[in-house]
Amino acid sequence: MADKGLTTADLDAMDDAQLSKELEKAKAELFNLRFAQAVGSLEDNGHMKTVRRNIARIYTIARERELGYRTAPGTEE
């Protein structure tokens, strides 16, 4: 079974700086996968889907924190 990527529990445990670092890493990975696909050397097309969903999860967690639905670890209200 393939790796499903990051879970929301994993992302909830990260603070904002770690979350943005993880987002940068995922975007760079997606860029490299797109480049490999264009060249024709990409073997696993399903991995692109996983990376795109990870990026969407990160954006969702960040937006929910911005709106106050979630809190970053270490912040008390």
Side-chain angles (χ1 to χ4, degrees):
M1 188 165 198
D3 179 32
K4 293 289 185 179
L6 296 171
T7 63
T8 53
D10 294 337
L11 296 172
D12 274 339
M14 296 181 185
D15 63 355
D16 291 336
Q18 290 173 325
L19 206 60
S20 64
K21 189 179 282 188
E22 191 67 35
L23 179 63
E24 288 177 22
K25 189 170 81 171
K27 282 184 171 185
E29 183 178 2
L30 183 61
F31 175 80
N32 290 332
L33 288 171
R34 284 181 177 157
F35 186 77
Q37 184 182 31
V39 172
S41 64
L42 184 64
E43 296 177 5
D44 183 18
N45 290 328
H47 189 62
M48 284 182 66
K49 181 178 179 180
T50 303
V51 173
R52 282 196 316 265
R53 287 187 177 185
N54 286 341
I55 291 171
R57 282 187 188 104
I58 293 169
Y59 276 131
T60 300
I61 296 292
R63 180 65 177 156
E64 286 177 351
R65 285 182 184 175
E66 183 180 321
L67 294 174
Y69 297 134
R70 293 183 190 256
T71 58
T75 58
E76 291 89 30
E77 292 193 22

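Everything quoted here is computed from the prediction, not taken from an experiment. When reading the values below, keep in mind they use all heavy atoms of this one structure, side chains included, and skip hydrogens, waters and symmetry mates.
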Between [atom1] of [X] and [atom2] of [Y], what distance do you get to the nearest 0.5 Å?
X	Y	atom1	atom2	answer
His47	Glu29	NE2	CD	3.5 Å
Leu19	Asp10	CG	CG	11.5 Å
Ile61	Leu6	CD1	CG	10.5 Å
Leu11	Leu23	CG	CG	10.0 Å
Thr50	Asn45	OG1	CG	11.0 Å
Thr8	Ile58	OG1	CD1	12.0 Å

Take atom CD in Glu66; do more than 12 heavy atoms of anything else shown fall under 6.0 Å from it? yes
Which atom of Pro73 lies closest to which atom of Ala13, heavy atoms considered: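 Heavy atoms only, the tightest pair is CG-O, 3.4 Å.
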Taking all atoms of both residues into account, what is the closest heavy-atom pair of Met14 and Glu22, and its distance? CE-OE1, 4.1 Å
Between the side chains of Glu24 and Lys21, is the shortest nitrogen-to-carboxylate-oxygen separation below 4.0 Å, so that they form an ion pair?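 The answer is no: the pair does not qualify as a salt bridge.
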Hydrophobic cluster mates of Phe35, side-chain heavy atoms under 4.5 angstrom, ILVMFWY only, any path?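 Other cluster members: Val39.
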For the residue pair Gln18 and Asp15, establish whether any side-chain heavy-atom pair is separated by less than 4.5 Å.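 Contact flag for Gln18/Asp15 side chains = yes.
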